[in-house]
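What follows is one structure encoded as structure tokens, with my remarks underneath.
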There are 4 protein chains.
Amino acid sequence: MAIEFSSSESIYIQIADYISDKILLGEWTTDEKISSVRELAIELEVNPNTVNRSYEFLQHQEVIYTKRGLGFFVAPKGKENIKSYKRRQFFEKDLPGFYRNLLLLEIDILEIEAGFQQYKLLNKGSNK
Amino acid sequence: MAIEFSSSESIYIQIADYISDKILLGEWTTDEKISSVRELAIELEVNPNTVNRSYEFLQHQEVIYTKRGLGFFVAPKGKENIKSYKRRQFFEKDLPGFYRNLLLLEIDILEIEAGFQQYKLLNKGSNK
Amino acid sequence: MAIEFSSSESIYIQIADYISDKILLGEWTTDEKISSVRELAIELEVNPNTVNRSYEFLQHQEVIYTKRGLGFFVAPKGKENIKSYKRRQFFEKDLPGFYRNLLLLEIDILEIEAGFQQYKLLNKGSNK
Amino acid sequence: MAIEFSSSESIYIQIADYISDKILLGEWTTDEKISSVRELAIELEVNPNTVNRSYEFLQHQEVIYTKRGLGFFVAPKGKENIKSYKRRQFFEKDLPGFYRNLLLLEIDILEIEAGFQQYKLLNKGSNK
DNA sequence: GTGGTCTAGACCACC
DNA sequence: GTGGTCTAGACCACA
């Protein structure tokens with residue numbers, strides 16, 4: 001199984017993220033066919049309905065689109081859409097809480113920055 | 001209503017956070033009585049059961065304790081407990097995803113740092 | 001059973017329309033609770049999942065919203081939203097084809113108009 | 001590509017409509033040969049099987065007929081057949097929903113009529 | 001083969 | 001009680 005599902009978030013969201021990440025990383029590009037529902041369901045050992053739900057979710061965000069009988073494909077601007085969607089989410093939802101935590105928990109932002117440099121080194125080349 | 005409940009997280013957790021923050025900010029100190037369940041329920045326009053659940057949750061984390069018939073009070077070391085709990089949560093759960101986002105969404109950490117300086121200025125003294 | 005499901009369109013869309021119509025007709029107003037998923041499922045003799053899907057669809061269009069553990073409620077501006085959504089659909093998707101048919105099938109628009117006057121008479125007061 | 005396939009209806013039906021319209025507009029008349037399956041498939045960038053299905057559908061409605069090895073031809077009474085078929089469809093399926101929408105969305109039928117006059121002017125001679 | 005829909009039934013967290 | 005998610009399995013139309 002390619003994903004370790006964390007318990008806190010729903011599986012279909014995690015799958016959508018998994019697909020989004022592949023698109024963001026350039027593994028799939030515009031108009032390229034992505035894994036079929038059944039294929040991915042088998043690969044991730046989940047029910048096809050669950051994958052279907054993820055794909056519906058991504059389709060709704062105009063990240064992918066469907067051609068009847070053929071499968072799902074990366075939408076034109078799919079990468080941009082997912083990126084702007086996630087950026088909005090990040091700046092509007094994650095960041096305020098993040099700042100709040102830094103302040104309340106008295107964490108030095110320089111420590112965060114140092115941690116990030118390490119993180120970057122660890123993930124060089126490892127994200128295919 | 002003092003809290004805008006975000007839809008993604010459960011209400012009782014949001015209420016617990018609300019209380020925790022007040023303690024972290026020093027608004028309530030050790031052995032000081034906090035709002036009664038009923039009071040808070042009215043203030044936040046939620047079911048008393050929900051507030052009760054929040055208090056149970058905080059009690060379990062040894063942030064508050066109860067004196068029968070008198071109400072809930074800030075535990076000795078309450079502030080430390082909540083702080084260490086939140087720090088653990090922050091470093092283990094929030095930070096990895098945060099780093100991942102920075103990388104994937106091509107956000108410069110210096111931008112984050114600059115934003116934080118602003119945030120600190122805005123919240124000097126204003127967070128009651 | 002309150003709806004005669006037509007075979008051509010998916011059930012969950014028909015249910016969404018059923019709810020939309022009730023809101024458009026003023027049967028439910030802003031912040032009023034609508035039927036619970038299970039209730040409606042029993043009433044319409046369909047699977048709760050199907051009703052759930054309809055509600056998700058409407059929620060996405062900001063016609064209804066959910067309060068955890070309490071149920072679904074008509075959204076502020078829910079009526080406006082559904083109305084503008086349907087009007088857009090009508091003018092952009094239905095009307096062009098309608099005009100095309102009138103022309104190709106050599107149907108007189110006055111005949112359409114006359115039929116509408118009759119239709120209005122028949123439905124006076126009958127739509128509760 | 002000559003047709004923008006709308007996602008809601010199946011492609012083979014859309015192709016059948018495309019052919020029907022040409023016949024209704026008098027572009028092809030009785031016993032005239034229509035595009036071959038292969039030609040049309042290339043023109044519309046679809047699978048020949050799909051065009052085949054459209055032709056079968058039209059053949060079933062006695063709008064076209066086939067001569068082995070020669071191709072498909074407009075049937076005698078082909079125009080009349082498609083016209084009566086579409087009229088029935090129009091009055092039985094489209095019109096009731098149309099009326100319902102006018103009422104529910106508070107659209108003035110006079111507005112519809114005015115729009116049609118414009119539509120007629122725009123399409124004088126321009127529909128090839 | 002593909003996606004799309006629906007059912008039945010289950011379990012969960014939440015209020 | 002409420003919605004939210006997931007599984008298993010089925011059937012359909014479509015390419």
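Bear in mind the structure is a predicted one, so any value in this text is a computation, not a measurement. All chains are named by letter (A, B, ...) in the order of the sequence lines, taking the proteins before the strands, and each is independently numbered beginning at 1. Worth knowing before you read on, the calculation uses all heavy atoms, side chains too, and leaves out hydrogens, waters and symmetry mates.
A side-chain donor-acceptor contact under 3.5 Å links C/Tyr65 and C/Asp31.
Checked against E/dC15, E/dG4, F/dG3, the side chain of C/Ser36 finds its nearest nucleotide in F/dG3. Here the nucleotide nearest the side chain of A/Val46, chosen from F/dT7, F/dA15, E/dT5, is F/dT7. Of the listed nucleotides (F/dG4, E/dC14, F/dT7), E/dC14 has the atom at the smallest distance from the side chain of B/Tyr12. Nearest nucleotide to the side chain of C/Arg38, out of E/dC15, F/dG9, F/dG4: F/dG4. Of all nucleotides listed (E/dC6, F/dC14, F/dG3), F/dG3 comes nearest to the side chain of C/Val37. The side chain of C/Thr66 has F/dG3 as its nearest neighbour among F/dG9, F/dG3, F/dC6. Closest to the side chain of A/Thr50, out of F/dC6, F/dT5, E/dT5, is F/dC6. Comparing E/dC14, F/dG3, F/dC14 by their nearest atom to the side chain of D/Ser10 picks out F/dC14. Candidate nucleotides F/dT5, E/dC14, F/dA8 were compared by shortest atom distance to the side chain of B/Arg53, and E/dC14 ranks first.
Distance A/Ile42 CD1 to E/dG1 C1': 13 Å, rounded to the nearest Å. The distance from atom CZ of A/Arg68 to atom C1' of F/dC12 is 13 Å, rounded to the nearest whole Å. A/Asn47 has its CG atom 14 Å from the C1' atom of E/dG3, to the nearest Å. If you measure from atom CG of A/Leu70 to atom P of E/dG1, you get 15 Å, rounded to the nearest angstrom. In this structure, CD of D/Gln14 is placed 14 Å from C1' of F/dA13, rounded to the nearest angstrom.
Comment: D/Arg38 does not engage D/Glu43 in a salt bridge, judged by the lack of any side-chain N to carboxylate O separation of less than 4.0 angstrom. Using a 4.0 Å cut-off between a side-chain N of Lys or Arg and a carboxylate O of Asp or Glu, A/Lys86 and A/Asp17 qualify as a salt bridge.
Cation-pi geometry between C/Lys33 and C/Phe72 is not met at under 6.0 angstrom from the ring centre and within 45 degrees of the axis.
Phosphate proximity of E/dA8 to C/Asn49: absent, as no side-chain N or O sits under 4.0 Å from OP1 or OP2.
Using a 4.0 Å heavy-atom distance criterion, A/Tyr55 is classed as making no nucleic acid contact.
Pairing for E/dG3 goes to F/dC12, judged as Watson-Crick or G-U wobble with the two contacts each under 3.5 Å.
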